[in-house]
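Following: one structure in structure tokens, then a few remarks.
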Amino acid sequence: MITTRFAPSPTGYLHIGGLRTALFSWLWAKKNKGKFLLRIEDTDLSRNSDEAVEAILEAFNWVGMSYDGEAIFQSKRFDIYKKYIQQLLKEDKAYRCYMSREELDTLRAEQMARGERARYDGRYRDFKGTPPEGVNPVIRIKAPKDGYIRFNDGIKGEITIASSEVDDFIIARSDGTPTYNFVVAIDDALMGLTDIIRGDDHLYNTPKQIVVYRALGFKIPNFYHVAMINNEQGKKLSKRDGATDVMEYKKMGYLPEALLNFLVRLGWSHGDQEIFSIDELIELFDPKDINKSSSNYNLDKLLWLNSHYIKNMPNSKLATLLKEYGVDIENNSKLDLILNATKERGKTLVELVNQINLILKAPEEYDKKASKRAFRGEAKEILKRFIILLKSWDKPLDTPADYHRVLKKFVSDNNIGFGKIGQPLRVSLLGSMTGSGLDEIMAILGVDEVAKRVNRALISLKVN
RNA sequence: GACCCUUUCAUCUAGUGGCCAAGGAUAUUGCGUUUUCAUCGCAAAAACAAAGGUUCAAAUCCUUUAGGGGUCGCCA
């Protein structure tokens with residue numbers, strides 16, 4: 001059985017990069033009918049907040065990912081960690097170090113100056129003398145001094161790091177609280193994780209965690225280190241690059257299925273396929289197909305995917321979603337007409353709402369350029385004649401096709417092109433030159449509303 | 001500075017020694033469809049980081065150089 005996890009530290013909102021690794025982990029668990037667990041890494045009590053935990057859960061909920069069992073909070077597991085610290089001390093696999101922070105800083109500065117990699121020099125590793133007075137010691141784990149620490153990364157391949165690069169790192173601070181690399185290894189082992197998919201910023205933590213696994217006799221899981229997401233310039237993605245909070249995408253009118261489809265293709269691929277449903281992803285996803293290199297973040301494709309998912313979403317579902325964006329057409333009898341007329345023009349739900357409002361709300365003002373172009377020559381006369389024809393039409397006027405017949409007859413009776421009536425009519429109805437098809441718009445509005453809007457335009461617009 | 005990872009069109013990517021004078025998608029440009037905008041259809045332009053090797057044959061293997069990213073905390 002495969003067990004994966006997502007292990008955020010609750011210091012803010014859920015980041016787009018975090019969602020991607022969570023998605024990879026979630027898909028891998030689902031594909032193998034395994035478990036996906038959530039662990040909150042809140043050992044640094046000063047930086048955590050309950051709101052951050054809530055924000056992460058809210059984002060998970062929005063995209064439709066769920067975790068198995070209860071979320072685990074590291075802050076509630078200090079007793080477990082302490083027990084293992086005691087065990088390691090007793091087994092002489094860890095030891096107390098009395099070096100002060102100042103001494104450490106000096107050591108590091110010296111090493112860097114000499115062109116070495118900064119690391120603890122192990123001076124208390126086999127210390128048997130009398131410890132200095134008044135110093136609360138930290139506890140360090142004994143890392144191997146020679147050889148190499150190797151592991152097979154499921155994405156990057158064989159990783160070899162010289163043991164000399166891994167120092168006797170601190171597993172418990174001077175106040176007794178355990179540190180990150182120590183608790184992560186313990187929890188990953190205790191939670192029964194088999195496959196750990198995480199950002200490759202953790203690549204260098206892996207040998208440290210392997211030291212813990214070995215000291216405690218835990219089975220080492222499979223690691224998959226996913227390269228980071230960079231911004232369009234290839235630099236690390238930061239808040240300055242715009243939306244990095246997952247929930248901002250909801251606000252901007254993106255569909256969760258589009259966002260997930262977009263994120264999964266950032267670094268992962270399955271041949272030439274671009275569009276994936278969640279079920280397909282669960283079937284096809286394999287971390288071995290994840291790219292080794294980092295990818296640049298570019299919103300063009302997300303926008304394209306979003307419009308694809310909007311176009312292909314059932315109208316009823318779309319209408320329900322739209323309520324959150326300020327338009328309620330769920331019980332509108334012309335729901336299908338409205339959405340079919342606007343769906344292809346809205347790349348986001350926000351844009352779609354604008355398109356719908358453009359039709360549903362009578363124009364408060366007329367675009368200057370558009371009205372100047374449309375209201376030329378005998379535009380007003382043509383409009384008046386068109387309304388007369390429309391009002392006297394004795395066949396049913398319900399569908400766009402019905403209105404199309406009226407328009408067609410009108411242009412042929414008057415021996416004019418479609419543009420002669422189309423342009424002024426469009427400006428009268430929408431206030432602008434662009435937008436949905438006139439047949440659809442009229443079918444949505446009905447004869448009376450069309451006549452009303454045209455009359456208002458006739459009054460307020462001048463012919464030039 | 002040291003160590004680790006990485007490098008195919010503007011962007012996401014296919015590609016694991018011959019199917020590649022490199023394929024798909026987005027974006028861009030043009031044409032067509034449309035009363036407008038959009039959608040859609042068709043087309044164009046566009047890349048193996050560089051240099052050396054190995055080989056009958058290299059985007060694919062090796063070496064060096066260059067670019068990018070990460071790590072070097074009593075943060076996670």
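First the proteins, then the strands, lettered A, B, ... as listed; each starts at 1.
Only the P atoms considered, rG1(B) is 29 Å distant from rU60(B), to the nearest whole Å. Of the C1' atoms belonging to rA2(B) and rA21(B), the separation is 44 Å, rounded to the nearest Å. rA57(B) and rG18(B) have their P atoms separated by 14 Å, with the value rounded to a whole Å. Remark: the separation of the C1' atoms in rC61(B) and rC9(B) is 25 Å, to the nearest Å. Using atom P as the reference point in both rA22(B) and rA38(B), the two lie 33 Å apart (nearest Å). Here the separation of rA46(B) from rU26(B), taken at their C1' atoms, is 13 Å to the nearest Å. Between rA10(B) and rA45(B), the distance separating the two P atoms is 15 Å to the nearest Å.
For CG of D50(A), the number of neighbouring non-hydrogen atoms (other residues, nucleotides, ligands) closer than 6.0 Å is 12 at most. Atom CD of E283(A) is surrounded by 12 or fewer heavy atoms from other residues, nucleotides or ligands within 6.0 Å.
Ring centroid separation for the pair W304(A) and F262(A) does not come in under the 6.0 Å cut-off. Aromatic rings from F285(A) and W268(A) are positioned such that their centres are separated by under 6.0 Å. Ring centroid separation for the pair Y120(A) and F169(A) does not come in under the 6.0 Å cut-off. Here the two rings, on F6(A) and F60(A), have centers that are under 6.0 Å apart.
Each of R125(A), R140(A), K142(A) was compared with D168(A) under the side chain to side chain donor-acceptor pair (under 3.5 Å) criterion, and only R125(A) meets it.
Base pairing of rC42(B): its partner is rG30(B), meeting the Watson-Crick or G-U wobble criterion (both donor-acceptor distances under 3.5 Å). In this structure, rA49(B) forms a base pair with rU65(B), meeting either the Watson-Crick or the G-U wobble geometry with both donor-acceptor distances under 3.5 Å. With a 3.5 Å ceiling on both atom-pair distances, rA59(B) lacks any Watson-Crick or G-U wobble partner. rU36(B): no Watson-Crick or G-U partner with both key distances under 3.5 Å is found in any strand. Across all strands shown, rA2(B) forms a Watson-Crick or G-U wobble pair with rU71(B), both key distances being under 3.5 Å.
Annotation: the span from K334(A) atom NZ to N340(A) atom CG amounts to 14.0 Å, rounded to 0.5 Å. From Q423(A), atom CD reaches atom OG of S371(A) across 11.5 Å, with rounding to the nearest 0.5 Å.
The side chain of Y204(A) has rG70(B) as its nearest neighbour among rG70(B), rU36(B), rA27(B). Of the candidate nucleotides rG73(B), rC74(B), rC4(B), rG73(B) has the atom nearest to the side chain of A118(A). The listed nucleotides are rU6(B), rU35(B), rC12(B); the one nearest the side chain of E274(A) is rC12(B). Closest to the side chain of N298(A), from the set rC74(B), rA27(B), rU11(B), is rU11(B). Distance from the side chain of F418(A) is smallest for rU35(B) among the nucleotides rC4(B), rU35(B), rA27(B). Distance from the side chain of R117(A) is smallest for rU71(B) among the nucleotides rG1(B), rC5(B), rU71(B).
Where L438(A) and D289(A) each meet RNA chain B at their nearest nucleotide, the meeting point lying more 5' is that of D289(A). Comparing S293(A) and N230(A) along RNA chain B, the residue whose closest nucleotide (by nearest heavy atom) sits nearer the 5' end is S293(A).
Side-chain N/O atoms of K292(A) include one lying less than 4.0 angstrom from OP1 or OP2 on rU6(B). Between K311(A) and rC40(B), a side-chain N or O to OP1/OP2 separation shorter than 4.0 Å is present. Listed pair N296(A) / rG68(B) fails the phosphate criterion, with no side-chain N or O lying under 4.0 Å from OP1 or OP2. For R426(A) and rU35(B), the shortest distance from a side-chain N or O to OP1 or OP2 is not below 4.0 Å. At least one side-chain nitrogen or oxygen of R173(A) sits closer than 4.0 Å to the OP1 or OP2 atom of rC75(B). Residue T43(A) has a polar side-chain atom (N or O) positioned under 4.0 Å from OP1 or OP2 of rA76(B). Residue R345(A) has no polar side-chain atom (N or O) positioned under 4.0 Å from OP1 or OP2 of rU34(B). Contact annotation: K347(A) side-chain N/O to rU39(B) OP1/OP2 distance is under 4.0 Å. Phosphate proximity of rC12(B) to R20(A): absent, as no side-chain N or O sits under 4.0 Å from OP1 or OP2. S295(A) has a side-chain polar atom (N or O) that falls below the 4.0 Å cut-off from OP1 or OP2 of rU13(B).
Using a 4.0 Å heavy-atom criterion, one finds that S9(A) contacts the sugar-phosphate atoms exclusively. Contact annotation for L303(A): no contact, since no heavy-atom pair falls under 4.0 Å across all strands. Residue contacts shown for S174(A) include a base, since a base heavy atom lies under 4.0 Å away. Among the protein residues, G267(A) comes within range of the sugar-phosphate backbone only, with heavy atoms under 4.0 Å from sugar or phosphate atoms but none that close to a base. As judged by a 4.0 angstrom heavy-atom cut-off over every strand, D272(A) is placed among the base-contacting residues. Residue R108(A) is classed as a sugar-phosphate contact, given heavy-atom separations below 4.0 Å to backbone atoms only. Residue contacts shown for L203(A) are limited to sugar-phosphate atoms, with no base heavy atom under 4.0 Å away.
A donor N or O paired with an acceptor N or O is found under 3.5 Å between the base of rA76(B) and the side-chain atoms of N205(A). Judged by atom type and distance alone, K301(A) reaches the base of rC12(B) through a side-chain donor-acceptor pair under 3.5 Å.
Rounded to a whole Å, the CD1 atom of I171(A) is 14 Å from the P atom of rA76(B). Rounded to an integer number of Å, the gap from D175(A) CG to rC75(B) C1' is 13 Å. In this entry the distance linking CD1 of I275(A) with C1' of rG24(B) reads 13 Å, nearest Å. Between the CG atom of N231(A) and the P atom of rC12(B) there is a distance of 11 Å, given to the nearest Å.
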